[in-house]
Amino acid sequence: MTFSWTRVGAILRKELRDYRRNRFVIFSMSALPLLFIVLTMIQLFTIKVSSSPRLNDRIGISMLYLLIIPTMVPSALTAYSVVGEREQGTLEPVLITPIRREEFLVGKALAAFAPTLVIAYTLFGVFLGAAELFAQPAVVSAIFERSHVLVQLLYTPLLAGWSIWMGIGISARSTDVRAAQQLAVFASLPPLGLVALLSFNVIPASVGLALGLAAGLLVVDGFGWRAVAALFDRERLITGGRA
Amino acid sequence: MATGPHGSQPDAALVVEHLTKRFGERTAYEDVSFEVGYGEVFGFLGPNGAGKTTMVRTLGTLLAPTSGSARIAGIPLAFETGAAIRGRISIMPESPGLYLRLTVEENLECFAGLYELRDVRERVATALRAVNLTDRARDPCGSLSKGLRQRVALARALLNDPAVLFLDEPTSGLDPVAARDVHALIGGLRDRGVTIFLTTHRLEEAERLCHRVAILNTTLLLIGRPDELRERLFTQALDVRTRTPLPDPGGVFAGLAGVSGWEQPTPGSYVLHVADPDAAAPAVARALVGAGADILSIVESVHSLEDVYLQLVAEDAEAQR
């Protein structure tokens, strides 16, 4: 039996319908992004164009806030994805259909990935629009610098991908939703830390280095679903680990 | 090769040979063999922890057997054939496992997608009609009673028109009215010739619905039609009741034609072991009248499946001691 996008679509549709009616998910998808866009705006409008290095630091912080959104939002969603279904008793009926574990995992991942990208890119657009309209010209030209925009566009899906696979992997091996959520948030942070070091020039930033790191993250994300698929053991999930 | 009870299809829907499942040191079930024909309703009985659900999960390819083999809907049980088997069967687990924030229709649409069914709307509508839930299609599953949720789970299990339908304790936790509704639905499926593998510890459920039953307590204790099992376990008997105890029951019953022995469970009540109850009853009546007894009743002893079950489980517990 080959990989079926119909089955992936069934999981994806079900997840998105479920998200829309789940208060916790609505809260996670709105409160965190709202907090970080507010912090970003505060940074934006309190920047004084006195010294160039200070300006770059402040813009680096703003950009970092924006990258926290695609890192944190999916980890809250995906940490629930397997262990939550198991706790609800909905996992077994799904696993007794012809669905393959890869299809199940890709469906779950896309359900977290799509809204995360929409939220992250929309807020980045809001940030750019607000900067264009209200920030000082020197700040605007620094923000619209090609490397900043490139980092946002490039790292948003890559960081989301990392968080999603870490979240699903942890969820597949956890027995408790809360523990899975806490672990998933911690596990999503390392690549963000790397981006932070670049943003604050602790590691001297260059377009080449940023692209290199992005390529590395892309490879990790690409293999992420295979690694998570290996952790996804039907028997263990059904019997609660006694197999 | 086995033939179903209706002789409709030559192959067996389920062939299980020496199947064993262990979790480390613990044995869930051991050396279990049986066949289920197409169109048959097969009851799998056993006390809690007997291995019934583990057997269903094994045949549903959720758990790998430790040893032994099986064919499900003609497909050999193996890791590689898991998805193909799951496409040909359905399992209704003990807990309905519905997405409570989704409507009944949305739940079924999701599963229709997982089975890659065409004409999803038509299939969902057909499944809902089968369980009489058409008017609740737009209701969130979270708003349904436990009995209605069980019916939604049954509709979900019918979506792919399965070759074998596994029902794992389908009336567990339901009130008598809801359980009766589920029984009626299962009866309807049986009449349509759906092959059903029903695990239960409700014996009246098995007796009412199943063509054959197997009794499991880690190992398979017995298998057959409920009436066969009764005959195999219990000798034929006549239950006799008199208004007052007989002064000399031995003198009345000993030597009667067709009566091989007798017992007196309570005063005024007698169990006569006979080869043919119909042939022995007139002679017993004449002997009692001759002895001046006031006869209240002479009836053939009827053992329920519950008697069979309790007898077997008790014998098994004794043997394991």
Side-chain angles (χ1 to χ4, degrees), chain A residues 1-26 80-82 84-108 110-111 229-230 232-243, chain B residues 21-26 28 53-54 56-64 66 79-103 106-107 109-118 120 140-142 149 152-153 156-157 159-160 162 166 168:
Chain A
M1 212 172 266
T2 53
F3 190 92
S4 162
W5 284 102
T6 307
R7 287 194 283 266
V8 172
I11 293 290
L12 175 61
R13 267 191 304 280
K14 185 274 294 176
E15 288 288 297
L16 294 179
R17 280 171 167 165
D18 205 34
Y19 287 170
R20 284 208 307 266
R21 295 162 203 174
N22 186 333
R23 280 185 204 160
F24 169 75
V25 169
I26 300 277
Y80 181 83
S81 61
V82 181
E85 289 230 17
R86 199 170 135 195
E87 278 192 1
Q88 273 189 358
T90 50
L91 188 60
E92 188 171 348
V94 171
L95 295 184
I96 53 190
T97 68
I99 196 166
R100 293 153 52 115
R101 58 186 174 184
E102 292 85 356
E103 294 160 351
F104 178 79
L105 295 174
V106 170
K108 289 279 185 182
L110 287 177
F232 190 88
D233 178 353
R234 266 174 209 265
E235 185 151 340
R236 189 180 171 281
L237 287 168
I238 292 297
T239 59
R242 65 183 171 172
Chain B
K21 178 65 185 175
R22 292 197 183 89
F23 297 104
E25 293 293 301
R26 194 178 76 75
T53 297
T54 305
V56 169
R57 287 171 170 173
T58 306
L59 298 178
T61 77
L62 291 175
L63 305 178
T66 307
F79 178 78
E80 310 77 54
T81 58
I85 290 173
R86 292 195 298 275
R88 299 277 292 121
I89 64 168
S90 265
I91 301 178
M92 180 179 148
E94 186 175 346
S95 160
L98 303 171
Y99 295 107
L100 300 181
R101 281 184 284 268
L102 268 55
T103 66
E106 287 168 343
N107 266 275
E109 278 171 11
C110 170
F111 281 82
L114 296 179
Y115 283 109
E116 294 189 288
L117 301 178
R118 293 172 195 279
V120 169
C141 286
R149 287 181 194 180
V152 178
R156 183 182 63 199
L159 271 176
N160 65 329
F166 292 88
D168 191 9

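Numbers restart at 1 for each chain; the letters A, B, ... are given by sequence-line order, proteins then strands.
Applying a 4.5 Å heavy-atom cutoff, the residues of residues 94-103 of chain B that approach chain A are B:Pro96, B:Gly97, B:Leu98, B:Tyr99, B:Arg101, B:Leu102, B:Thr103.
Between the side chains of B:Arg86 and B:Thr61, at least one donor N or O lies within less than 3.5 Å of an accepting N or O.
For a residue to count as touching a neighbouring chain, one of its non-hydrogen atoms must lie under 4.5 Å from one of that chain's; by this rule B:Ala157 does not touch chain A. When heavy atoms are compared at a cutoff of 4.5 Å, B:Arg156 approaches chain A solely by way of its side chain, counted from C-beta outward. Neither the backbone nor the side chain of B:Glu80 comes within less than 4.5 Å of any heavy atom of chain A.
Between B:Phe111 and B:Leu117 there is no side-chain heavy-atom pair separated by less than 4.5 Å.
Remark: B:Pro162 engages B:Ser90, B:Asn160, B:Leu165 in a side-chain contact (heavy atoms from CB on, under 4.5 Å) (not counting sequence neighbours).
In this structure, A:Tyr80 has its ring center at least 6.0 angstrom away from the ring center of A:Phe24.
Of the inter-residue distances, the one linking A:Leu95 atom CG with A:Ile238 atom CD1 reads 5.0 Å to the nearest 0.5 angstrom.
For the set A:Val8, A:Thr97, A:Ile99, A:Ile11, the count of heavy-atom pairs under 4.5 angstrom toward chain B peaks at A:Thr97.
With hydrogens and angles disregarded, a donor-acceptor distance shorter than 3.5 Å links the side chain of A:Arg86 to the backbone of A:Leu237.
Only one option out of A:Arg17, A:Arg13, A:Lys14 pairs with B:Glu106 in a side chain to side chain contact (heavy atoms under 4.5 Å, CB included); it is A:Arg17.
Cation-pi geometry between A:Arg101 and A:Phe232 is not satisfied (NZ or CZ under 6.0 Å from the ring centre, within 45° of the ring normal).
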